[in-house]
Structure formats: structure tokens, C-alpha cells
Amino acid sequence: MKVLVIGSGGREHALVWKLKQSKLDPELFWAPGNGGYKGFAQCVNISAENVEDILDFCMGKKIDFVVVGPEAPLALGIVDKLNKKNIKVFGPTKAASQLEISKVFTKLFCQKNGIPSAKFWIFDDSKKVTDFLQSRELPYPLVLKADGLAAGKGVIIAEDANHAVEAANKIMVQKKFGNAGNKIVIEEFLAGNEASIMALCDGEKSLILPTARDYKRALDEDKGENTGGMGAVSPSPVVSENDKKNNLLNEIKFKIIDKTLQAMADAGNPFKGVLYAGLMLTDEGPKLLEFNVRFGDPETQVVLPRLKEDLLTILIESSEGKITKNELSLSQNKCVTVVAASKGYPSSYSKGFEIKGIKMAEENGCIVFHAGTKREGEKILTNGGRVLNVTAFGETYNEAREKVYKGLEKIDFEGITYRKDIARI
Ligand code: AMP
Ligand code: GLY
């Protein structure tokens, strides 16, 4: 069967890597792909947001199944459009994607359906926000979030009223995140450990994927700006996958994931695809920070290597609304990934530098998922902010992390930067 994966990051490289192992022996296409395609998939030079050209390609090539990686094409309604052409696809419809596309939608959805999340205020007018922030005693720090999609960067934590006014201005007046900042959500700050819980959903039923934690800040010890993610570990150090009597994971499944599926189905927008819950584990229990409606990046790079299942079969079942399993089979190993980034990321950075040493890292026991890379002849060049995801297994976090950092020592490109504290648990 012919399968098309959409996207160009490390998440998509991990997807094609895992799909390639399927017993269905798919012929894989990847739009637009990255420098990691060799031996896995045929790249198709169409960007993930170019929905019309993707549709044409699928029709022309008679693609049997499409797997959508990033949120942008989901927000453009790619799933609805493929469905209309009778092309099978894994991912939520545009209406179901509201859970990620709009933080305002999600806050109101949580409130209505009793899904635990932070207290909040919503504004669509910059003057009203400033008045609100200047006229009240508020419990700082506060969290300010652009309503729309902002590549994981639209969240600002403000320590005091001045900082909050400045942040609201950045989002709503200076439009640092474009139209995503037309509305703003202000949230109470939640303290606790974070966890990323993803579930494969078929509209009614969910299968919890291996748990994970990502490291969102640019610098060691969770300092610096928020990024798309600088590393990840699986399982989450704070959400046990094994202890069936420890009901934290069950609580998350029932109170957050399944409740959401039920409410979306009741509203006529059944959710099929990956539902990703970014959670804060507070003293009052798990609370939702955000939903994503697709695989997390870089969480996928540590989750899929631990999954002892035929991913393609399950994705097809999810898309058809008939997941057959009740539980996924997982490796008991730990998995760690560290993002090797371009100097300057998440702000401005240069591209086009040659990357050396990938093979040596692989020979040292790492899986190297490409993210912002491209091939030029035999050379592999940097082509983005997050360049490589160097990944390894171990019986302990420490064993996996040591393998990753040894692998990273073998890799070099101009301006390579990475956090040194990933998986120091
Ligand atoms: P989000 O994109 O909503 O997941 O937010 C990005 C990051 O900001 C999260 O991973 C948290 O580290 C932090 N964050 C978001 N909302 C809150 C909150 N209400 N309290 C504390 N930290 C938060
Ligand atoms: N790692 C967070 C995300 O994928 O949005």
C-alpha cells in the first residue's frame, strides 16, 4: 500500500522510521520530508501547508493512506478535504482540531465539560487587558497565551503587572504571533511536574501511548525562551505506566482524554487522531495545560521507539473508527532524545552548514532522527532551527542519556548547541 507522511521534522522522521517496520510493507512517500529520508521514503517536494497540491499528488499517485504530522495542514482542513476525495487519512477534522487551534475554544470546552485546567480570563481587546492587569490584585506569576497557533512559542509567564502588560502588548498590539494574538487567554500559574500524555483515538476509544516528558525551554535548568522542544524522555519520570493500581494514568485517561472524546463526539465532532495532553501534575491532581491534536515533537522520537506494535495497522484502525486493542504493548526500556539545534534558535539562526558524524553516532548505538536537515549530493546540511534528534535506549535513564551525549560528541556542524541536562533524573 502507498502511504504519504506529511511534514518535515524529527517527528515525521520517527513516523516514517516506525511505519517502515510495518508488516503491511508500505511504499512510503514523504512531503516535503527532510535529509533523513534515505532508505525510508521517497520525498515529494510539496510543503505541508500546500493542501491543494497534496490532494492532487494523492489522487495522481493513488495514495491509500495519509498520516498528517504537523498542526498547520490540520488547521487548513486537510483531513476533511482528503475524506471528501475518499482518501483515508489519520488525523482530526478541522472542527476537531479546534482543541489545538484555539486556546480560547479549549478553555471554554474544559470549563463546560469539567475537564481540570487552570483558572482563566479571556480577552479580545488590548485596552481591556491592560485595564484588567492594572486595576486588580492578581496572583502573580500569571501565564499569558496567544489564542491561536504559535509553534509552541505563544506562551509568556509574567512575574508582575508591568511584565504582564508588556507581554499582552507583544501578543495583541505588536502581533508577535500574528493573528494568533487576536485573542488572549490569561491563566493562573500552576506549579508541579509536567507530563505529555498522548493517545491514539478513533472517535470513541483511546489507546494511551508511552508516556513522556519534553523539555521546552531553550537553556539548561529550564531557563531561557520557550521552544518547540529541546529534548524528551519516555516514560515520563512522574507518570508510571506499569503500576496498574497507581491510578494517575487512569485518572488522566478517564478525566481528561476520554471525557474529551465523549464531549467532542456529543458535539458532533468526533476526534480521530492523536490527542496530546500537556499536563501539570498539581497537588490537586493532573490539570490540562494544552491540547495538541497531533503527535508531539520531540516526544514522538522517544515514544515510537518504545512502542512494540505495528503502528500503521493501528493508525488505519483509528482512522476507520475501529481500534481493536485495549492496550498497547511497550518496551520497558527508557528512551531519551536530545535536540541538536542551530546557534540562535528559537530566534534567528543561519542554515546551510555541513553536518558531520551522524554515522559515527549511529555506530555508537544512537538513532539519529533528522529534523531541520537537507541533502545536497552526499552531504547533509542544516536547514532549520532544530536540526537533529539524537536518540537512544537504555535500561535506565542514565544509560540512555549517556549514550545520547556520547553520540552528540561525534556530531558536528557550525554553531551546534544542545541542552546538557536532558534526562538528568
Ligand atoms: P502550552 O503551549 O500551553 O503548553 O505552554 C507552554 C509551556 O508553558 C508549558 O509546557 C508550561 O511549561 C508553561 N505553562 C503553560 N501554562 C501554564 C500554567 N497555567 N502554569 C504554569 N506553566 C504553564
Ligand atoms: N513538544 C510539544 C509539542 O509538540 O507541541
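Counting heavy-atom neighbours within 6.0 Å of Lys253 NZ, excluding the residue itself, gives a total above 12.
Geometrically, Lys107 does not engage Phe109 in a cation-pi contact defined by less than 6.0 Å to the ring centre and at most 45° from the axis. A cation-pi geometry, defined here as NZ or CZ lying under 6.0 Å from the six-membered ring centre and within 45° of its normal, holds between Arg213 and Tyr215.
In this structure, the side chain of Glu204 does not engage the main chain of Gly321 through any donor-acceptor pair within 3.5 Å.
Using a 30° and 60° split on the angle between ring planes, Phe90 and Phe295 fall in the tilted class, from 30° to 60°. Between His13 and Phe40, the two ring planes are perpendicular [angle over 60°; tilted spans 30° to 60°].
Not counting sequence neighbours, Phe413 has no partner by the ring pair (Phe, Tyr, Trp, His ring centres under 6.0 Å) test. In terms of the ring pair (Phe, Tyr, Trp, His ring centres under 6.0 Å) criterion, Tyr397 has no residue partners (sequence neighbours excluded). Arg386 meets the side chain to side chain donor-acceptor pair (under 3.5 Å) test with no other residue; sequence neighbours excluded.
Remark: His163 NE2 to Leu133 CG distance equals 11.5 Å, nearest 0.5 Å.
With 3.5 Å as the limit, one finds a donor-acceptor pair spanning the side chains of Asp147 and Ser102.
Aromatic ring centres of Tyr276 and Phe291 lie farther apart than the 6.0 Å criterion allows.
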